[in-house]
J.: 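So that we are looking at the same thing, I have put the structure below in structure tokens.
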There are 2 protein chains.
Amino acid sequence: MENENLRGLFQLLTRRFGLLNKNCCSADGIEISLVQSHILYEIHRQSKASIQQIAETLGTDITTFSRQIQSLIKLNLVTKTPDAEDRRISILSLTDEGVKINQTIDQQMNDYLNEIFKTMNEFEKESVVRSLQLLNDRMLKSSVCCTTPWE
Amino acid sequence: MENENLRGLFQLLTRRFGLLNKNCCSADGIEISLVQSHILYEIHRQSKASIQQIAETLGTDITTFSRQIQSLIKLNLVTKTPDAEDRRISILSLTDEGVKINQTIDQQMNDYLNEIFKTMNEFEKESVVRSLQLLNDRMLKSSVCCTTPWE
DNA sequence: TAAAAAAGTTGTAGTTTGCAAGTATTGTCG
DNA sequence: CGACAATACTTGCAAACTACAACTTTTTTA
């Protein structure tokens with residue numbers, strides 16, 4: 001237990017999830033990239049967030065992110081509205097189309113994951129979900145890692 | 001439990017691990033990219049694997065991967081040896097320097113992860129590790145997902 | 001009110017990516 | 001055996017992604 005190769009476990013898991021994610025990013029005839037799907041996801045999750053907030057959450061340079069947003073606006077998936085209180089800030093939100101695409105991807109991902117979970121019994125399922133929640137919580141609270149104030 | 005947002009759990013976990021990974025990829029004065037660290041990891045894990053095998057495992061286009069390998073060879077971290085039986089095939093392996101860098105990254109990642117696990121009691125730890133193993137196992141065995149024959 | 005700071009945007013240049021099309025080697029089938 | 005397909009990999013090329021520096025605009029600070 002002590003000499004468990006933790007990195008290996010995480011590396012494999014995240015790679016598998018990443019590959020899944022990669023193949024789940026087209027919906028309604030619109031082909032979006034993996035990065036773009038992450039952005040949609042995060043804009044939806046943090047509603048009324050600014051460009052900088054989302055960029056930080058995703059660990060992306062803000063100049064890169066600014067251009068990514070421009071692309072998504074051109075695709076009519078995202079809108080940018082100036083903050084009423086501070087006009088330097090742009091608030092991001094999804095268009096109806098963006099919401100739809102995000103939901104479709106959500107659906108596909110959850111379908112797949114549920115398929116995986118079907119192979120487990122109730123006890124295992126519950127244990128896995130609780131473990132993931134616990135990990136997320138502890139990683140969020142940890143200060144060991146990086147400088148990025150990822151939310 | 002049934003209406004757990006599984007995608008969200010995975011998305012957050014993999015993002016946090018990804019950000020960690022991103023910041024853990026320099027060692028011994030050599031700056032390598034996140035992608036490159038994944039490649040080193042996988043070459044080490046599957047010893048004596050071919051270019052195509054690793055590319056498939058990582059879900060990377062083989063032409064892209066070919067060039068990534070060329071870079072790593074220039075950095076003196078990887079070597080390519082023609083297979084004795086089939087001279088079309090190139091077998092990949094790490095140089096001593098490559099092994100060292102991979103180990104350093106491994107160490108850093110495990111240190112961080114152990115720091116996270118320190119905040120849990122024995123029961124929780126064990127449960128989390130078992131859950132990750134179970135997930136990996138079931139995702140590996142699943143055929144639902146994608147076409148990629150990721151090992 | 002002038003200077004500093006913050007939020008975004010563009011210039012530019014280097015890197016990454018993947019499809020087409022290529023070479024070299026091996027397998028297949030008449 | 002010998003042509004033809006298949007496999008493993010490599011390069012040409014064009015598009016996309018990335019980030020540093022420098023800029024504009026707006027807000028905060030002193």
J.: Could you tell me how far apart A/Ile51 (CD1) and D/dT26 (P) are, to the nearest whole angstrom?
T.: 15 Å
J.: Could you state the atom-to-atom distance from NE2 of A/His38 to P of D/dT18 in whole Å?
T.: 12 Å
J.: Rounding to a whole Å, what distance do you find between A/Leu58:CG and D/dA19:C1'?
T.: 16 Å
J.: Would you mind reading off the distance between B/Leu34 atom CG and D/dC17 atom C1', rounded to a whole angstrom?
T.: 14 Å
J.: Between P on C/dA5 and CD on A/Gln52, what's the gap in Å once rounded to a whole number?
T.: 15 Å
J.: Phosphate oxygens OP1/OP2 of C/dG8: is one of them under 4.0 Å from a side-chain N or O of A/Gln70?
T.: no
J.: Does any donor atom in the side chain of B/Gln68 or B/Thr60 lie under 3.5 Å from an acceptor atom in the other side chain?
T.: no
J.: Take atom CD of B/Glu85 and atom C1' of C/dG27, then tell me their distance rounded to the nearest Å.
T.: 15 Å
J.: Through direct or indirect side-chain contacts below 4.5 angstrom among Ile, Leu, Val, Met, Phe, Trp and Tyr, which residues connect to A/Ile91?
T.: A/Ile89
J.: Kindly indicate whether the side chain of A/Met109, heavy atoms from C-beta on, has any atom under 4.5 Å from the side chain of B/Phe10.
T.: no
J.: Between B/Lys141 and B/Asp137, does any side-chain N to carboxylate O distance fall below 4.0 Å?
T.: yes
J.: If you restrict it to nitrogen or oxygen atoms, what contacts under 3.5 Å exist between nucleotides 16-20 of chain C and the protein, and what is each distance?
T.:
| residue | atom | partner | partner atom | Å |
| --- | --- | --- | --- | --- |
| C/dT17 | OP2 | B/Gln68 | NE2 | 2.4 |
| C/dG18 | OP2 | B/Thr64 | OG1 | 3.1 |
| C/dG18 | N7 | B/Thr63 | OG1 | 3.4 |
| C/dG18 | N7 | B/Thr64 | OG1 | 3.3 |
| C/dG18 | O6 | B/Arg67 | NH2 | 2.7 |
| C/dC19 | OP2 | B/Asp61 | OD2 | 3.3 |
| C/dC19 | N4 | B/Thr63 | OG1 | 3.1 |

J.: Distance check needed: C/dT10 C1' versus A/Phe65 CZ, whole Å only.
T.: 17 Å
J.: Please report the distance, rounded to the nearest Å, between CD1 in B/Ile89 and P in C/dT25.
T.: 13 Å
J.: Answer yes when B/Arg15 and A/Glu42 have at least one side-chain N-carboxylate O distance shorter than 4.0 Å, and no when they do not.
T.: yes
J.: Is any N or O donor-acceptor pair between the side chain of A/Arg88 and the base of C/dA6 shorter than 3.5 Å?
T.: yes
J.: Side-chain donor-acceptor contacts of residues 92-103 of chain B below 3.5 Å, not counting sequence neighbours, with atom names and distances?
T.:
| residue | atom | partner | partner atom | Å |
| --- | --- | --- | --- | --- |
| B/Ser93 | OG | B/Thr79 | OG1 | 3.0 |
| B/Thr95 | OG1 | B/Asn76 | O | 2.8 |
| B/Thr95 | OG1 | B/Leu77 | O | 3.3 |
| B/Thr95 | OG1 | B/Glu97 | N | 3.4 |
| B/Thr95 | OG1 | B/Gly98 | N | 2.9 |

J.: Given C/dA24, is OP1 or OP2 found less than 4.0 Å from the side-chain N or O atoms of B/Arg87?
T.: no
J.: Tell me whether the OP1 or OP2 atom of D/dC9 has a side-chain N or O from B/Ser66 closer than 4.0 Å.
T.: no
J.: What is the minimum heavy-atom distance between A/Arg7 and B/Asn110, and which atoms define it?
T.: N-OD1, 2.9 Å
